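Have a look at the structure below before the remarks.
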Protein chains: 2
Amino acid sequence: MSVDAGVPPVLGRVTITDVARAAGVSVATVSKVMNGRYGVAPATYERVMAVVTELGYETSLIAASLRRSKTNVIGVLITEFEPYSAELLKGIGSAAHGTGYELLAYAGWAEDSPRDGWERRSLSRLAGTLIDGAILVTPTVLMPETSVPVVAIDPHTGRGGPATVDSDNIGGARAVTDHLLSLGHTRIAHLRGRTDLESSHLREQGYRASLEAAGIDFDPDLVLDGEYRRKEGRERTLDLLDRTEPPTAIFAANDLSALGAIAAAQELGLRVPEDVSIIGFDDIPEAGRSEPQLTTFAQPLHAMGAEAFRMLMEQLTGGENGRRHEHLLGSLVVRESTAPPLTR
Amino acid sequence: MSVDAGVPPVLGRVTITDVARAAGVSVATVSKVMNGRYGVAPATYERVMAVVTELGYETSLIAASLRRSKTNVIGVLITEFEPYSAELLKGIGSAAHGTGYELLAYAGWAEDSPRDGWERRSLSRLAGTLIDGAILVTPTVLMPETSVPVVAIDPHTGRGGPATVDSDNIGGARAVTDHLLSLGHTRIAHLRGRTDLESSHLREQGYRASLEAAGIDFDPDLVLDGEYRRKEGRERTLDLLDRTEPPTAIFAANDLSALGAIAAAQELGLRVPEDVSIIGFDDIPEAGRSEPQLTTFAQPLHAMGAEAFRMLMEQLTGGENGRRHEHLLGSLVVRESTAPPLTR
DNA sequence: CTGTTAGCGCTTTCAG
DNA sequence: CTGAAAGCGCTAACAG
């Protein structure tokens, strides 16, 4: 390549300045070439492109986004990469395919910062510059005003501010508890979710409503905080099953804590479901792979993610139309972790 | 709040300038307060913080990263969010938890741009500014020099440049094919993966080696391109099973294309595994949930992701130590989609 | 202790 | 058609 001789080696990242210098033009011209703007002589265009290829230059998304208004990047803001958000991400990803938008998932919960309001922080850090719009996964607070279009999945306040996508938390929890009741259980414990999340309260509501409908007194001693996490689910279950009068069934507010509960039961030498029934919520992939396989309430996570992306697109292109509240339905999936209680 | 009166409403994103103006100080002072630098009078600190809280200001990750050298953000570069990368992401996420690093997954494959070399493009766009290091998932080309530490998962060239994590592609493919042979199959088709990926070639090698060891002639007509995708897996299988002498078993180079193959067989009214055996590779969550459940070779995706993150940390902190080539082993998981061929 | 100044890499008027 | 200059939001010397 004839340009070779004139191109000094560049250390680190190649910047627009490096290209400009090597091609003997100004950075403005390089910028025009990179963005296909009019007003560049064919010869100049060729020369710049040759250097660009030679050096392997790519415009920095960061620097460009600081100047531009539109980036064609959608942000998905999550607390961390775990099964639940991963499932949503797959759905979002499939909807994003072919739209020309790029996806950026950001897990911005620093352990030292308050968990509450992490999404406001992440959004502030990315919006207005890097991303054109955002999908908030299980946000903890309501954000009335945002600088970019937003869709919230399973949000704290349900209706109200931004567009939302959720599924039937109360109905699901009722279905789950009803299933346990129909098997003959009466002492049903509940491993509550993260109390800063609305879904957690709704599921507890469903649990209580179901008990009440069956004429069973609510026993606060049977409700512990599973935190939506495997570790906490295991620990609370250890406590629960160690009592003199343990529950015969446990409804964990999500699959992860249910999986922890199964682990705890097995550690104590108990059989699931023979000695204790355990039921989860969400139907993450791991639910179908546990031993025994987990009975749970399946949320249509894939569809929820895809729908959220579509609603965001509507807001981005068609104005306010995407500002809806979408409510998708789930269904009970009976696998192996539930059975009638032992009669003794 | 007493500051209230002095703070005019700000539209859009709140910037450091807005805060400075509202607090009556310079932007430099605000920056110092935000970053906890020494040399700010307590009174000033308080006043600034009050305004920060009032306005809900957060420093822009983008702007800050342009100036700073370290951002505490690790980038995970993928082509798209699909089951394989989602599993890795979970592993990476669990390893990242508690390290103080934030994770940013970027799916930067624009459909119009060449697929080959997407990782170089993505890396150039993010590295040097936004991210301190990167994990490249199934990169297509070898990148000898990068501006930030990099770990590649299941890379194109295996050994060589950057640190790598992979699993036993050849061995896995042999195990899979051997399983089919041991069941009595002799006409075994192969749905090859994406030919731009090394793993695809290695798996085909394993397939061929296994056949050869069994004394079966390699039949090129039985090898079609499944592209690692569900859609292509289905289409190629439709072709395969429509022939006068169809294969009795199909080895799909990954689970997604295997799932497509199952769908195709069922569309044609064939039973899996009675009429045709189908086997996959990867063991993504979906493999355990299909009907019939998929027999496959399980890669330790979670562990691979976690290991990649750890190796990156080593490079970031301890110098060059993380520049290893880690090779994790997988195992055959026999489920329901394989059986002996029909004897007729 | 505080503010001024100089950029980070890029895009965008606006002269030449 | 091309380049100089301003500025996006922020941090980091360096004066005052």
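Residue numbers start from 1 in every chain, and the chains themselves are labelled A, B, ... in the order their sequence lines are given, proteins ahead of strands. These figures come from a predicted structure and were not determined experimentally.
- Note on B/Arg47 versus B/Glu54: no salt bridge recorded, every NZ/NE/NH1/NH2 to OD/OE distance being 4.0 Å or above.
- Among the candidates B/Leu88, B/Ile78, B/Val76, the single residue satisfying the side chain to side chain contact (heavy atoms under 4.5 Å, CB included) test with B/Ile153 is B/Leu88.
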Candidate pair A/Arg125 and A/Glu119, rule salt bridge (Lys or Arg N to Asp or Glu O under 4.0 Å), full reasoning:
CA-CA 10 Å; A/Arg125 286 172 66 91; A/Glu119 64 275 351; over 6 Å; no
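- Regarding B/Glu58, its CD atom lies at a distance of 11 Å from the P atom of D/dC10, rounded to whole Å.
- With respect to B/Glu102 and A/Arg121, a salt bridge is recorded, a charged nitrogen being found less than 4.0 Å from a carboxylate O.
- Put simply, CG on B/Leu130 is 13 Å from P on C/dC10, counting in whole angstrom units.
- Here the rule is side chain to side chain contact (heavy atoms under 4.5 Å, CB included) with B/Val30, and of B/Val25, B/Val51, B/Thr44 only B/Val25 fits it.
- Checked options A/His325, A/Glu326, A/Arg324; the residue passing with A/Val165 is A/Glu326 (criterion: side chain to side chain contact (heavy atoms under 4.5 Å, CB included)).
- Between the CG atom of A/Leu61 and the C1' atom of C/dT11 there is a distance of 14 Å, rounded to whole Å.
- The side chain of B/Thr29 contributes an N or O atom lying less than 4.0 Å from OP1 or OP2 of C/dG3.
- Residue contacts shown for B/Thr44 are limited to sugar-phosphate atoms, with no base heavy atom under 4.0 Å away.
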Using a 4.0 Å heavy-atom cut-off to protein, can you give one letter per nucleotide of nucleotides 11-16 of chain D, 5' to 3': B if the base is in contact, S if only the sugar-phosphate is, - if neither?
BB----
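- Following rounding to the nearest Å, A/Leu66 (CG) and C/dT12 (P) show an atom-to-atom distance of 12 Å.
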